[in-house]
Amino acid sequence: MKKFYFLCCFLFIVVFVGCEFYGGGSKVQIGDIVLSDGRVVPVEHYSFWKRIYEPVGVVVGVSGNNAMMMGLYKSSNSMSWAPRDTFGYNTKFVEIQASRFGSVETGYNFSGDLIGRDNWLAVCNSDREGVLEPKNYPAFYFAYNYGSDFYYLNSEFNNGWYLPSVSELYAVFENKEVLQKSLNAVGGFDFGNNWYWSSSQAYSANEGVYGVSFIKGEVINVYKYCPAGYVIVFHDLNLHEF
């Protein structure tokens with residue numbers, strides 16, 4: 001009986017250690033699953049951890065002990081970035097401008113606005129009254145309300161979701177197959193043949209921002225009023241030890 005007990009304990013420890021993240025960003029990879037307590041596990045170990053914690057995201061980028069994750073849900077409907085006749089539509093937000101270089105065939109590179117984390121703050125600083133109305137910035141508000149809309153209340157993931165920059169969004173497309181596999185494993189959304197809004201303002205015109213088509217990966221300069229873009233959201237992730 002004692003041998004059986006110790007064997008069971010040993011097997012549990014092996015499974016537990018094998019599935020757990022112990023810190024150090026090098027262990028975390030794109031496509032790993034982020035759980036509700038901040039724990040990060042490989043997709044192949046998720047079936048064990050789902051009995052204990054809810055999934056909240058999928059890792060889309062890693063840098064040292066920091067990472068970014070993507071939310072498990074996209075907007076259920078397409079929406080505009082900023083409707084016609086609003087301050088946001090007619091304004092060039094200089095702080096969040098980006099440039100693209102390349103093509104679908106060669107791939108794209110970007111300069112200027114590379115991280116979308118503070119882009120909503122830049123818009124708020126420019127349009128202090130307009131940003132109080134969700135209808136003026138539908139794509140940003142989907143990201144802003146994501147935590148509460150998807151029931152992450154009273155957790156570290158209630159706030160802090162943001163609309164990715166064009167560079168971040170294009171990186172999602174580049175890893176589309178890996179990320180879709182992980183999303184499928186946790187019951188997340190399907191990228192489909194949609195295009196998605198970034199938070200990056202184009203240099204070319206006040207009315208233009210960048211979107212990324214997930215059919216072939218084309219980076220498109222879109223009028224802000226266009227109601228056909230979907231939204232996915234990002235969140236910073238501190239890779240701490242357990």
Step-by-step side chain to side chain contact (heavy atoms under 4.5 Å, CB included) determination, Cys124 to Tyr144: CA-CA 12 Å; Cys124 290; Tyr144 182 77; over 6 Å; no

Step-by-step side chain to side chain contact (heavy atoms under 4.5 Å, CB included) determination, Ser198 to Val212: CA-CA 8 Å; Ser198 82; Val212 177; 5.8 Å; no

Steps toward side chain to side chain contact (heavy atoms under 4.5 Å, CB included) verdict (Val131, Phe140): CA-CA 10 Å; Val131 295; Phe140 277 108; over 6 Å; no

Trace of the side chain to side chain contact (heavy atoms under 4.5 Å, CB included) decision for Phe87 with Ser126: CA-CA 9 Å; Phe87 180 91; Ser126 296; 4.2 Å; yes

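The aromatic rings of Trp120 and Tyr141 lie perpendicular to each other, with more than 60° between the two planes, well past the 30° mark. Relative ring orientation between Tyr223 and Tyr89 is described as tilted, the plane-to-plane angle lying within the 30° to 60° band. Between Phe214 and Phe191, the ring planes are parallel. Angles under 30° get that label, and only those over 60° would be called perpendicular.
Taking 4.5 Å as the limit, every side-chain heavy atom of Ile96 sits out of range of all side-chain heavy atoms of Ser200. The side-chain heavy atoms of Val58 and Asp32, taken from C-beta on, include no pair separated by under 4.5 Å. Side chains of Val56 and Val34 form a contact here, defined as non-hydrogen atoms less than 4.5 Å apart. With a 4.5 Å cut-off on side-chain heavy atoms, Leu169 and Ile232 count as touching. Annotation: side chain of Val222 is in contact with side chain of Trp197 (closest heavy-atom distance under 4.5 Å). Side-chain atoms of Ile30 and Leu179, non-hydrogen and from C-beta on, do get closer than 4.5 Å to each other. Using a 4.5 Å cut-off on side-chain heavy atoms (C-beta onward), Arg117 and Asp236 make contact. For the pair Tyr146/Leu163, no side-chain contact is recorded, criterion being any heavy-atom separation below 4.5 Å from C-beta on.
Across all non-hydrogen atoms, the minimal contact from Ala122 to Glu95 is CB-CB, 4.1 Å. Across Asn136 and Pro138, no two heavy atoms sit closer than the pair C-CD, 3.6 Å. Here the shortest heavy-atom pairing between Trp161 and Met69 reads CH2-CE, 3.5 Å. For the pair Ile33 and Ser182, the tightest heavy-atom approach, listed with the atom from each and the gap, is CD1-CB, 3.8 Å. When all heavy atoms of Tyr196 and Val231 are compared, the closest pair comes out as CD2-N, 4.0 Å. Summarising the geometry of Phe234 relative to Met68, their closest heavy-atom pair is CD2-SD, 4.0 Å, with the distance given to 0.1 Å.
A cation-pi geometry, defined here as NZ or CZ lying under 6.0 Å from the six-membered ring centre and within 45° of its normal, holds between Lys74 and Tyr230. Judged by the 6.0 Å distance and 45° axis criteria, Arg84 is positioned over the aromatic ring of Tyr225.
Here the OG atom belonging to Ser165 is positioned 12.0 Å from the OH atom belonging to Tyr210, to the nearest 0.5 angstrom. Interatomic distance, CG of Asn109 versus OG of Ser99, reported as 12.0 Å (0.5 Å rounding). Rounded to the nearest 0.5 angstrom, Lys216 NZ and Asn193 CG are separated by 11.0 Å. Rounding to the nearest 0.5 Å gives a distance of 7.5 Å between CZ of Arg100 and OG of Ser204. Taking CG of Asp113 as the start and OG of Ser199 as the end, the distance is 5.5 Å to the nearest 0.5 Å. Of the inter-residue distances, the one linking Leu72 atom CG with Leu183 atom CG reads 6.5 Å to the nearest 0.5 angstrom.
With hydrogens and angles left out, the side-chain atoms of Asp127 and Tyr137 include a donor and acceptor closer than 3.5 Å.
In this structure a side-chain-to-backbone donor-acceptor pair under 3.5 Å is missing from Ser63 to Asn66. A donor-acceptor pair is defined here as one N or O able to donate and one able to accept, closer than 3.5 Å; such a pair exists between the side chain of Ser148 and the backbone of Asn145. Side-chain N or O atoms of Gln201 include one that pairs as donor or acceptor with a backbone N or O of Gly208 at under 3.5 Å. Judged by distance alone, with hydrogens and angles left aside, the side-chain atoms of Gln180 form a donor-acceptor pair with the main-chain N or O of Phe189 at under 3.5 Å. The backbone N or O of Thr91 lies less than 3.5 Å from a partner atom in the side chain of Lys224, making a donor-acceptor pair. In terms of modelled atom types and a separation under 3.5 Å, the side chain of Ser213 and the main chain of Glu218 share no donor-acceptor contact.
The hydrophobic clustering, which links ILVMFWY residues whose side-chain heavy atoms are closer than 4.5 Å, places Val60 and Leu114 together. One hydrophobic cluster, built from ILVMFWY side chains closer than 4.5 Å, cannot hold both Phe101 and Tyr108; they sit in different ones. Hydrophobic clustering, with ILVMFWY side chains joined whenever heavy atoms are under 4.5 angstrom apart, groups Phe48 together with Val40. Connection of Val172 to Ile215 is not established within any shared hydrophobic cluster, with ILVMFWY side chains joined at heavy-atom distances below 4.5 Å, either directly or through further cluster members. Under a hydrophobic clustering in which Ile, Leu, Val, Met, Phe, Trp and Tyr are joined whenever their side-chain heavy atoms come within less than 4.5 Å, directly or via other members, Ile220 and Val104 fall into the same cluster.
Around the CZ atom of Phe173, the shell of radius 6.0 Å holds more than 12 heavy atoms that belong to other residues, nucleotides or ligands. Within a 6.0 Å sphere centred on CD of Glu54, heavy atoms belonging to other residues, nucleotides or ligands number 12 at most. Other residues, nucleotides and ligands contribute over 12 non-hydrogen atoms within 6.0 Å of the NZ atom of Lys176.
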